[in-house]
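Below is one structure; the comments refer to it alone.
Predicted model, so just to flag it, every value in this text is computed and none were measured.
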Amino acid sequence: MDHKKEKGILSGKLKKVINKIGTLNLILILVGAFFVWFNWQMLCIFREQGMIPESYACAVVVATIGECGICGWIRTNKDRQREHQWEQEDKQAEKTVNSIESEEMTDE
């Protein structure tokens with residue numbers, strides 16, 4: 001198998017995995033892994049130096065929490081939009097049923 005086909009197959013499989021997990025969930029997984037790694041690094045620095053660079057640590061924590069907050073905000077907006085779409089579909093279906101019932105009543 002040549003290199004281009006192999007690369008295409010791998011990227012296709014990767015896309016399927018990402019779609020299955022979901023982009024926001026993947027971002028949260030990566031942020032969580034980064035946060036674990038970052039905490040480990042801060043513990044290593046603390047063992048060697050007796051303290052950590054607190055300004056840097058606080059900035060990273062705030063950025064991480066901010067990213068998770070943005071992901072939550074995006075998810076909430078998507079859920080609201082989906083619920084609104086379902087409400088509109090329900091209203092349309094109800095109107096259709098009502099119009100069919102009224103036509104049947106006038107035919108009798």
Linking I/L/V/M/F/W/Y whenever their side-chain heavy atoms sit closer than 4.5 Å, directly or via other members, would [X] and [Y] fall into one cluster?
| X | Y | answer |
| --- | --- | --- |
| Phe46 | Phe38 | yes |
| Tyr56 | Ile45 | yes |
| Leu30 | Phe35 | no |

- request: Compare every heavy atom of Glu67 with every heavy atom of Ile27, then report the nearest pair and how far apart it is.
  value: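 Distance-wise, the nearest heavy atoms are CG2-OE2, 3.7 Å.
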- prompt: Closest approach of Val60 and Thr64, non-hydrogen atoms and distance?
  reply: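 Scanning both residues completely, I find the closest heavy atoms to be O-OG1, 2.7 Å.
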task: With the side chain counted from C-beta on, respond yes when Ile52 and Glu54 share a heavy-atom pair under 4.5 Å apart, and no when they do not.
output: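 They are in side-chain contact.
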Got a second to check how far [X]'s [atom1] is from [Y]'s [atom2], nearest 0.5 Å?
| X | Y | atom1 | atom2 | value |
| --- | --- | --- | --- | --- |
| Gln85 | Gln81 | CD | CD | 7.5 Å |
| Arg75 | Asn25 | CZ | CG | 5.5 Å |
| Trp73 | Leu24 | CH2 | CG | 11.5 Å |
| Thr23 | Leu28 | OG1 | CG | 11.0 Å |

Cation over ring face, Arg47 and Trp40, 6.0 Å, 45°: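 Output yes; distance and angle both within limits.
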- prompt: Hey, what's the ring geometry for Trp37 with Phe34, parallel, tilted or perpendicular (30° and 60° as the breaks)?
  reply: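 Tilted, since the angle between the ring planes falls between 30° and 60°.
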query: If you draw a 6.0 Å radius around CD in Gln88, do more than 12 non-hydrogen atoms from other residues or ligands fall strictly inside?
result: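 More than 12 heavy atoms, drawn from other residues, nucleotides or ligands, come within 6.0 Å of this atom.
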field: Residue Glu89 excluded, over 12 heavy atoms near CD under 6.0 Å
entry: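 Atom CD in Glu89 is crowded, with more than 12 foreign heavy atoms closer than 6.0 Å.
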